[in-house]
Amino acid sequence: VIGHSASEELCPVCGDRVSGYHYGLLTCESCKGFFKRTVQDKKRYVCAETQTCWIDKAQRKRCPFCRFQKCLEVGMRLEAVRADRMRGGRNKFGPLYKLDRTMKQQRRAQAEAHVHTDSSDLVSSGAVNPPSFSMTSETKTYYTYGANIPHFTMVHGHPKNPRGPRKPNVPLFVLELLSSDPDETQVQNKIRQRLQQHKHQWKKHGQPGLFRLIFHLSEQMLLSFIEWARTSVFFKQLEVIDQMTLLHHCWSELLLLDHINRQVLQDNKGQLLLITGYEVSVVGCHAGHILSSVIQLGQDLIAKFQLLKVDREEFVCMKYLLIFNPDGKQLENRLFIESVQGQVRGALLDYALSSQYPSRFSQLLQCLSEIHFLSTLAEEYLWTKHENGEVPSNSLLTEMLYAKRRYFHL
DNA sequence: TTAGCCTTGAAC
DNA sequence: GTTCAAGGCTAA
């Protein structure tokens with residue numbers, strides 16, 4: 001069933017062999033050249049059939065219209081073709097290519113571990129033919145996209161019924177955000193499965209310490225999160241470069257929010273509930289100065305969330321508020337991001353006002369700023385661990401740490 | 001027009 | 001100094 005290695009990827013346009021990243025994603029040499037010629041020379045093609053021609057290696061020459069259409073559909077980027085025709089150097093997609101490579105490497109490692117254990121459900125775990133980060137089907141937005149303001153519409157008719165009892169006074173906007181929120185049990189199962197694979201490696205190389213375990217789980221959570229974000233409402237409408245900036249800005253805050261969310265339902269003081277369902281004790285473990293602060297502040301924040309009884313509706317809004325943070329310096333479409341943030345704020349305010357506590361909204365915002373502070377501490381801790389060589393190299397988290405320092409000169 | 005190979009140059 | 005994705009060149 002497996003046979004071929006994941007490194008031998010095929011061109012998403014025609015299936016030919018890829019020669020590297022070109023205009024946003026891995027493609028073959030010929031589609032790279034075709035895309036360049038088309039965009040540089042502003043070529044206009046006409047399809048002789050019904051604009052649905054099949055494109056593969058043998059037929060790609062037959063209909064340039066459909067070939068170019070497919071180039072755009074799989075996510076090739078018009079803006080990566082240089083107007084000034086300058087040669088050499090690097091463009092703004094560099095970080096994207098790097099993240100894509102890191103994620104593919106992660107998945108490859110997982111797939112490999114999987115082959116050694118159980119190869120029966122590779123497809124369901126997403127290890128085979130993983131979608132590229134830059135792949136998007138938002139073709140039509142390439143041309144029309146500018147500083148357009150997002151407008152909320154109920155595209156799905158009725159949002160899926162969220163878990164738990166139906167509540168009154170939940171704004172439609174929030175219901176829609178909830179409906180596309182990933183299912184905790186599914187994420188949990190996926191990560192448990194992957195953890196099981198790693199146990200075989202750990203048998204060989206020794207059990208990981210608590211730090212390594214939490215590091216590993218955080219990395220898995222981040223991977224799941226990025227996978228989810230790529231297709232989630234509003235985020236998918238952004239230019240890749242802005243998606244990257246937002247991710248680099250918010251990844252640690254998101255991990256913390258998600259983590260806190262998990263602790264709220266249980267009330268075991270000093271016990272940490274992991275995504276896998278395991279509980280670990282953080283009380284009395286000998287932590288350094290920074291880590292002690294992280295743990296203490298984290299516990300305080302969890303207590304605050306428990307006291308406030310922050311619910312799923314509020315969590316999902318807080319998540320979007322963390323993601324759509326217009327503070328990044330190099331955001332191309334700040335207006336869009338500000339607008340999404342404004343809408344989420346508005347919806348959360350409406351929802352909070354419907355509760356019996358008038359100050360609830362500002363308390364929730366206060367929680368967010370505490371999460372922000374906690375995240376800077378946590379990153380500082382991770383950075384010292386990294387400097388001491390105690391963090392696995394080539395990891396997604398390290399990559400995010402570096403990227404954030406590059407972007408924000410921290 | 002296509003597509004394989006070549007040259008270039010900023011980021012690392 | 002090395003990388004590697006841009007643009008350029010050219011035979012088929």
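Just the heavy atoms: all of them, side chains too, but no hydrogens, waters or symmetry mates, feed the values below. Labels below follow one simple rule: chain letters A, B, ... track the order of the sequence lines, proteins then strands, and each chain is numbered from 1.
Between A/V310 and A/C367, the closest side-chain pair of non-hydrogen atoms is not below 4.5 Å.
With no hydrogens or angles considered, no side-chain donor-acceptor pair links A/E379 and A/W383 at under 3.5 Å. For the residue pair A/Y381 and A/S293, no side-chain donor N or O sits within less than 3.5 Å of a side-chain acceptor on the partner. Side-chain contact annotation: A/S359 with A/S362, donor-acceptor N/O pair under 3.5 Å absent.
Using a 4.0 Å heavy-atom cutoff across all strands shown, A/R101 reaches sugar-phosphate atoms only and no base atom. A/R85 comes within 4.0 angstrom of sugar-phosphate atoms only, judged by non-hydrogen atoms across all strands, and of no base. Contacts of A/K57 with the nucleic acid, taken as non-hydrogen atoms under 4.0 Å apart, are absent.
Remark: A/K36 is not in phosphate contact with C/dA5, judged by side-chain N or O atoms under 4.0 Å from OP1 or OP2. OP1 or OP2 of C/dG8 lies within a sub-4.0 Å distance of a side-chain N or O belonging to A/Q40. Listed pair A/N91 / C/dA6 meets the phosphate criterion, a side-chain N or O lying under 4.0 Å from OP1 or OP2. OP1 or OP2 of C/dA6 sits under 4.0 Å from a side-chain N or O of A/Y97.
In this entry the distance linking CZ of A/R87 with P of B/dA11 reads 18 Å, nearest Å. Protein atom CZ of A/R60 is 8 Å distant from nucleotide atom C1' of B/dT2, rounded to whole Å. If you measure from atom CG of A/L96 to atom P of C/dC4, you get 15 Å, rounded to the nearest angstrom. Distance A/L26 CG to C/dC4 P: 12 Å, rounded to the nearest Å. Regarding A/K92, its NZ atom lies at a distance of 17 Å from the C1' atom of B/dA11, rounded to whole Å. Across the protein-nucleic acid pair, A/D16 atom CG and B/dC5 atom C1' stand 15 Å apart, rounded to whole Å. Rounded to an integer number of Å, the gap from CZ of A/F93 to P of B/dG9 is 21 Å. The CE-C1' distance, from A/M86 to B/dT8, rounds to 9 Å in whole Å.
For the pair A/F34 and A/E29, nearest-nucleotide mapping onto DNA chain B gives the more 5' position to A/F34.
A donor-acceptor contact under 3.5 Å is not formed by the side chain of A/R90 with the base of B/dC12. At a cut-off of 3.5 angstrom, the base of B/dT1 holds no donor-acceptor pair with the side chain of A/R37. For C/dG7, the base has a donor-acceptor partner in the side chain of A/K32 [N/O atoms by modelled type, under 3.5 angstrom].
Counting only heavy atoms from C-beta on, A/R67 has its side chain closest to B/dA3 among B/dA10, C/dG7, B/dA3. Side-chain proximity of A/H22 to C/dA5, B/dC5, B/dA3: nearest is C/dA5. With B/dC12, B/dG4, C/dG7 as the choices, the nucleotide that has an atom nearest any side-chain atom of A/K98 turns out to be B/dC12. Looking at the side chain of A/K61, the nearest of the listed nucleotides C/dA6, B/dT2, C/dG7 is B/dT2.
Closest non-hydrogen pair, A/E253 versus A/I371, comes out as O-CG2, 3.8 Å.
Summarising the local packing, CD of A/E49 is surrounded by 12 or fewer heavy atoms from other residues, nucleotides or ligands at distances under 6.0 Å.
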